[in-house]
Participant: 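What follows is a structure written as structure tokens; I'll ask about it next.
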Amino acid sequence: MGAQLVRPLVVVTNREPYADERTRSGTRHVQKAGGVVSALDPLLREIGGDWVAWGSGSADRETSPGGVRPVPLANPRYRLHRVYLTPEEVQGYYTRYANQGLWPLSHMLVERARFSRRAWPIYRSVNGKFARRVARESRPSALVFSHDYQLALVPTLVRQLRPDLAIAHFWHIPWPVFPVLRLCPQYQELLKGLLGADVLGFQTDDDVEAFLTAVQRTFRQARVDLENQHVYWQNRTVQVQSFPISVDVKAIEEIVATPRITRWSHGIRRRLLRPGQQLGVSVDRADYTKGIIPRLEALREFFHRYPERMGQVVFLQVVVPTRSEVHAYRTLFHDVERETHRINEEFGHGDWAPVVTLRRSLDRDRLMGLFRAADFALVSSLFDGMNLVAKEFVSAQIDRRGVLLLSETAGAAQELDAALTVSPWDPEGFAATLDQALSLPLEERQQRLRTMQQHLHRHTLYDWVTDILTALDSTAYAIER
Ligand code: ADQ
């Protein structure tokens with residue numbers, strides 16, 4: 001990637017791209033994996049700039065005198081500005097308000113959402129902390145690119161402090177329909193916070209429509225242009241648009257074609273499969289929005305309805321623990337184990353266990369190798385902003401033999417329309433689609449993958465960044481791929 005800087009860039013995220021952790025022998029830095037970091041880190045390394053994020057690593061303070069950590073340490077290309085939070089702030093802002101309130105609400109799982117009166121002022125003040133840091137570190141007329149539901153108030157708070165800055169904010173998760181949004185006692189404040197941006201990005205047009213409707217229904221003084229996706233608000237125009245996030249398809253293709261990952265990929269098939277068996281995979285953070293339990297229920301249904309399929313598939317589920325400070329996440333992990341055990345007890349025989357579980361994070365190269373190795377992938381989110389796993393699976397399928405089964409309610413389904421769609425609320429239908437997938441002729445598998453791969457080549461992760469930054473300032477950046 002080649003990029004040319006015209007205006008300075010300031011990225012703002014909750015999670016930091018690099019955390020420094022204390023070890024017995026000193027400190028080591030851990031790169032936080034995930035789509036956003038892997039898109040923005042190379043960009044900032046190329047063009048330089050500033051990144052403001054919560055300093056959550058145990059050794060962060062030691063490696064960042066004055067709260068600034070050069071990245072990379074040896075040959076600095078950009079500055080990471082760490083915002084430090086007290087345990088009370090982490091609890092109120094992150095665990096409670098963001099993860100127990102906004103996260104389930106945005107995924108329309110209303111019965112799980114709790115908005116604590118005590119957490120709200122903490123959420124607000126932590127957003128203020130981030131905004132002050134951005135205001136302090138940004139050079140004149142910089143572009144600010146802030147992210148997600150943890151930082152909804154940042155756009156307006158930054159604007160108040162630094163009217164010279166241009167601000168884009170991207171909301172990575174679904175935006176709830178108005179009757180659901182209204183259940184949040186502070187929804188008006190959240191809308192006002194986001195309307196401080198010049199460009200407000202969502203994953204899909206459905207999200208954009210839901211946001212614009214909410215603004216229209218809430219503020220008489222806002223003028224909403226649904227057709228052109230603008231809001232006129234406090235003498236400014238806010239552009240509200242969908243920018244579906246994507247993956248670096250070329251990089252994935254290159255990784256999986258290396259001799260090392262090719263060997264690994266063949267090896268995992270040899271280890272897990274007997275001749276004639278097909279390998280299914282799923283990869284998720286252990287989050288209730290990902291529909292892991294409904295997927296296991298659909299698998300049980302599948303073996304009940306199609307007993308002739310017993311012994312024909314091995315399903316590998318990779319589940320990585322997440323947000324273990326929240327009770328619902330701890331119990332989910334337990335439920336996954338119980339359901340998996342039940343399926344293996346009921347249907348397994350001889351040395352065949354239908355479901356194999358890997359409870360940890362795989363390094364990125366191997367994860368892509370696993371996607372290459374698979375005959376099918378199950379993505380069964382209840383709701384999902386996008387779901388990068390679906391796009392990674394399609395990108396890694398260079399042998400073109402895998403079938404993607406994708407939940408209709410994941411944002412990715414709007415683009416990957418050559419996938420087989422499933423509903424996590426319909427176990428019988430899910431099971432029938434899985435049966436269909438296993439018998440899908442190779443030619444059709446190839447055709448479907450080719451269509452989706454072409455789409456991903458036309459809409460890469462770098463297009464996503466470029467589209468948002470050029471919407472903010474059409475003259476600001478030239479990014480070549
Ligand atoms: P997430 O909810 O985290 O992201 P997702 O889009 O699937 O969900 O991204 C997860 C990333 O973590 C993927 O790159 C995946 O490969 C990786 N990952 C998951 N499990 C892993 C494991 N066990 N080991 C290693 N890596 C693992 C939020 C929204 C999504 C939206 C993204 C980006 O919820 O809807 O797509 O942001 O905008």
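Scope of the values below: all heavy atoms of this structure, side chains included, with no hydrogens, waters or symmetry mates. Counting starts at 1 for both ligands and their atoms, in listed order.
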Participant: Only heavy atoms of L367, strictly under 4.0 Å: list the atoms of ligand 1 that pass.
Facilitator: 16 (O), 25 (C), 26 (N), 27 (C)

Participant: Is the closest heavy-atom distance from F243 to ligand 1 below 4.0 Å?
Facilitator: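 Checking ligand 1 against F243, which is what was asked, there is no heavy-atom contact under 4.0 Å.
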
Participant: Enumerate the residue pairs fulfilling salt bridge (Lys or Arg N to Asp or Glu O under 4.0 Å) with a member in residues 400-412, sequence neighbours excluded, ordered by first and then second residue.
Facilitator: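 Matches after skipping sequence neighbours: D375-R401.
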
Participant: Ligand 1 versus D284, non-hydrogen atoms closer than 4.0 Å: side chain, backbone, both, neither?
Facilitator: backbone

Participant: Considering L370, I245, L362, which one's heavy-atom position lies nearest to atom 25 (C) of ligand 1?
Facilitator: L362

Participant: Hey, can you tell me if W103 and H107 have their rings parallel, tilted or perpendicular (30° and 60° cut-offs)?
Facilitator: tilted

Participant: Mark up the atoms of ligand 1 that fall under 4.0 Å of a heavy atom belonging to Q203, in ascending order.
Facilitator: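 Counting from 1, the qualifying ligand atoms are 31 (C), 38 (O).
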
Participant: May I ask which of H147, Q317, H172, R285 has a heavy atom nearer to atom 29 (C) of ligand 1 than the others do?
Facilitator: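 Residue with the shortest heavy-atom distance to the ligand atom: H172.
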
Participant: Consider every N or O of V318 and every N or O of ligand 1, then say whether any pair is closer than 3.5 Å.
Facilitator: no

Participant: With atoms numbered from 1 as shown, which atoms in ligand 1 lie under 4.0 angstrom from a non-hydrogen atom of G385?
Facilitator: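 Result: 35 (O).
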
Participant: Check the angle between the aromatic planes of W120 and Y97 and answer parallel, tilted or perpendicular using the 30° and 60° thresholds.
Facilitator: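 It falls in the tilted class, 30° to 60°.
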
Participant: Would M386 count as a polar contact of ligand 1, with the cut-off being nitrogen or oxygen pairs under 3.5 Å?
Facilitator: yes

Participant: So, regarding H107 and ligand 1 (criterion: nitrogen or oxygen to nitrogen or oxygen, under 3.5 Å), is there a contact or not?
Facilitator: no

Participant: Could you tell me, atom by atom, which parts of ligand 1 come under 4.0 Å of a heavy atom of V283?
Facilitator: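 In order of number, 19 (C), 20 (N), 21 (C), 22 (C).
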
Participant: Can a donor-acceptor pair be found between the side chains of S246 and H459 at a distance below 3.5 Å?
Facilitator: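 No, H459 and S246 have no side-chain donor paired with an acceptor closer than 3.5 Å.
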
Participant: Quick one about Y149 and N14 (side-chain donor to acceptor, distance below 3.5 Å, no hydrogens or angles considered), yes or no?
Facilitator: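 No, because no side-chain N or O of N14 sits under 3.5 Å from a partner of the opposite role on Y149.
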
Participant: Any idea which part of F170 is under 4.0 Å from ligand 1, heavy-atom wise: side chain, backbone, both or neither?
Facilitator: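 No part of F170 is near ligand 1 at this cut-off.
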
Participant: Quick check on contacts: which atoms of ligand 1 are under 4.0 angstrom from a heavy atom of D384?
Facilitator: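 Matching atoms, with element in brackets: 30 (C), 34 (O), 35 (O).
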
Participant: Give me the ring orientation class for Y329 and Y288: parallel if the planes are under 30° apart, tilted from 30 to 60°, perpendicular past 60°.
Facilitator: tilted

Participant: Please identify which atoms of ligand 1 are closer than 4.0 Å to at least one heavy atom of V389.
Facilitator: 7 (O), 15 (C)

Participant: Apply salt bridge (charged side-chain N to carboxylate O under 4.0 Å, His left out) to the pair D50 and R133, showing each step before the final yes or no.
Facilitator: CA-CA 11 Å; D50 296 276; R133 194 65 183 272; over 6 Å; no

Participant: Which word best sums up how the rings of F211 and W175 line up, parallel for under 30°, tilted for 30 to 60°, or perpendicular for over 60°?
Facilitator: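 Geometry flag for W175 against F211: perpendicular rings.
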
Participant: When you compare the side chain of L434 with that of V313, does any pair of heavy atoms fall below 4.5 Å?
Facilitator: no

Participant: Between F371 and ligand 1, does any nitrogen or oxygen pair lie at a separation below 3.5 Å?
Facilitator: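 No; every N/O pair is 3.5 Å or more apart.
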
